[in-house]
There are 2 protein chains.
Amino acid sequence: MSIQSDAETESPKRQAIISAAGELFVAHGYGAVSMDAVARAAGVSKATLYAHFASKDLLFASIISQACRESIAVADILPDPSSDIGDELSALGGRILRFLLQDRALAIHRVVIGESIRFPELGRAFYDNGPAVLRRVFGAWIARQNAAGRLDVPEPERAADLFCGMLRTGLYLRASLGIAPSPSEAEIDATVAGAVTMFLRAYGSGPATD
Amino acid sequence: MSIQSDAETESPKRQAIISAAGELFVAHGYGAVSMDAVARAAGVSKATLYAHFASKDLLFASIISQACRESIAVADILPDPSSDIGDELSALGGRILRFLLQDRALAIHRVVIGESIRFPELGRAFYDNGPAVLRRVFGAWIARQNAAGRLDVPEPERAADLFCGMLRTGLYLRASLGIAPSPSEAEIDATVAGAVTMFLRAYGSGPATD
DNA sequence: GTCTATAGAAGGATAGAC
DNA sequence: GTCTATCCTTCTATAGAC
């Protein structure tokens, strides 16, 4: 009667492989990581490695699509309520941009983009678990602000996309290209402020428009 | 007295190598392309290949940084004059987005992002010859519209970045991840229209604001 | 300069012992 | 399940003939 269907899943060796392969693939990409290197970093033999993952392709796809699923945690992106809609939007934008600028998030984005030709399912997994979730959550937040009369946005989800697009320009674009390694807080705040200003001038309702 | 410093540059074999390697690297990335494949596609022997390029790293870096320099041609991005600023901005946005969505532009962006860890200079070359040029040209255009009283934008270059960020969201993001392979003209137009609407509501001067 | 042929190394994957 | 040792393929790079 005892069910132990996923007992394998918790094998320590398997966990070691997943952990080590995750770090290596995310940091260096598919081509630059050998199965030897994964085995060495995980402290297992190559035979053990292949006992758990049938091929390098499969290992890579598992690891990265798993990383896409984890790295979201958009739950706590939404800001604390404030009397000023601009403050809330700034807080929200700041959290999103800081999340995107994390080394790990940047690295995952890079790897997925770089290998999305060879592994199309990764592009899909990344989009569904990252941008698409953000679009829904953020869009719903905008819709609530509409309902409360604090914003006047015709298409909330499209507007969420546009706002995120403004966050992902300049600073983030350079970071994703390996330029501007660690942007200052001031630069981040300035980028967020630019997006918030544009957004509120376009869609703010009430006295904040000017 | 005759100068022939770049006679080598025009060697037909060398041109064949550059052309073939360009296609292969842009299409498949660094790791997935072998020197054998380059030699075969160029119709030369590997010895000839190595006579022109000392290593695979060097060949890759030359080819891709060259591709970054070429693929810009932002010259003809600027729109024809029109009586309506919205029409001009739409035309401009449409040209930018269509340029970015070209297979070749997408592929170069992907390769550079993917290999920017291993080849940091490529990220720089891409940014300097792509986004940075666009930012300057587009920013100057906005400044001219300011001067003509058709727009009222406090920081033209930053605004140019924001506008381009809005173009690079949704549709383009999915395309760069390998989803939504060939977007329809209607989708492209809708994306541009969204960005133009936001931009003009925020920074339009005159009656177009509402 | 160009080719054919190959050296030398490294990577992916597996056989067999425990 | 795990390891050691190894096979086979593929890759980068070069030597030597033309």
Side-chain angles (χ1 to χ4, degrees), chain A residues 2-65 111 114-115 117-119 122, chain B residues 2 4-64 111 114-115 117-119 122:
Chain A
S2 65
I3 299 174
Q4 43 184 343
S5 62
D6 59 350
E8 288 182 350
T9 310
E10 296 176 18
S11 152
K13 299 272 181 185
R14 187 185 176 91
Q15 281 307 314
I17 292 170
I18 291 175
S19 167
E23 277 190 43
L24 289 175
F25 279 134
V26 162
H28 305 112
Y30 178 84
V33 175
S34 71
M35 292 296 262
D36 273 292
V38 173
R40 207 177 316 127
V44 303
S45 72
K46 281 175 48 168
T48 301
L49 179 51
Y50 276 97
H52 286 280
F53 296 93
S55 73
K56 186 185 177 184
D57 277 22
L58 229 69
L59 173 62
F60 180 75
S62 306
I63 296 292
I64 300 300
S65 81
V111 168
E115 306 295 341
I117 306 275
R118 209 200 301 227
F119 301 92
L122 292 187
Chain B
S2 65
Q4 42 185 342
S5 60
D6 58 351
E8 287 181 353
T9 312
E10 296 176 17
S11 152
K13 298 272 181 183
R14 188 187 176 89
Q15 282 306 316
I17 292 170
I18 290 176
S19 167
E23 277 191 42
L24 289 175
F25 279 134
V26 162
H28 304 112
Y30 179 84
V33 174
S34 71
M35 293 295 262
D36 271 293
V38 173
R40 208 177 316 126
V44 304
S45 74
K46 293 211 299 185
T48 302
L49 177 51
Y50 276 96
H52 285 281
F53 296 93
S55 72
K56 186 185 177 184
D57 277 23
L58 227 69
L59 174 61
F60 179 75
S62 306
I63 296 293
I64 300 299
V111 168
E115 307 294 341
I117 307 275
R118 212 201 300 227
F119 303 92
L122 292 187

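A, B, ... follow the sequence lines: proteins, then strands. Residue 1 opens every chain.
In this entry the distance linking NZ of B:K56 with P of D:dC11 reads 8 Å, nearest Å. Rounded to whole Å, atom C1' of D:dA13 lies 13 Å from atom CG of B:L59. Between the P atom of D:dT14 and the CG atom of B:D36 lies a distance of 15 Å, rounded to the nearest Å. Distance CZ (A:R40) to P (C:dA10): 11 Å, rounded to an integer number of Å. Rounded to whole Å, the distance from CZ on A:F60 to P on C:dG12 is 13 Å.
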N/O donor to acceptor pairs below 3.5 angstrom from side-chain atoms of residues 37-45 of chain A, sequence neighbours left out:
from, atom 1, to, atom 2, distance (Å)
A:S45, OG, A:A47, N, 3.4
A:S45, OG, A:T48, N, 3.2
A:S45, OG, A:T48, OG1, 3.1

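The main-chain N or O of A:A61 is found under 3.5 Å from a side-chain atom of A:S65 such that the two form a donor-acceptor pair.
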Could you run down the sub-3.5 Å N/O contacts of the protein with nucleotides 2-9 of chain D?
from, atom 1, to, atom 2, distance (Å)
D:dT2, OP2, A:H52, NE2, 2.9
D:dC3, OP1, A:K13, NZ, 3.2
D:dC3, OP2, A:S45, N, 3.0
D:dC3, OP2, A:S45, OG, 3.2
D:dC3, OP2, A:T48, OG1, 2.5

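Contact check of residues 20-35 of chain A against DNA chain C (heavy atom, cut-off under 4.0 Å) returns A:V33, A:S34, A:M35.
With sequence neighbours excluded, no residue forms a salt bridge (Lys or Arg N to Asp or Glu O under 4.0 Å) with A:D57. Judged as a side-chain contact (heavy atoms from CB on, under 4.5 Å), and not counting sequence neighbours, the contacts of B:A32 are A:R118, B:H28.
Contacts classified as salt bridge (Lys or Arg N to Asp or Glu O under 4.0 Å) and involving residues 16-38 of chain B (residues at least two apart or in different chains) are given here: B:D36-B:K46.
Aromatic ring orientation, B:F60 versus B:Y30: perpendicular (interplanar angle above 60°, classes split at 30° and 60°).
Taking CD1 from B:I17 and CE from B:M35, the interatomic distance works out to 8.5 Å, rounded to the nearest 0.5 Å. Rounding to the nearest 0.5 angstrom, the gap separating the NZ atom in A:K13 from the CD1 atom in A:I18 is 14.5 Å.
One finds a side-chain N or O of B:Y50 lying less than 4.0 angstrom from the OP1 or OP2 phosphate oxygen of D:dA13.
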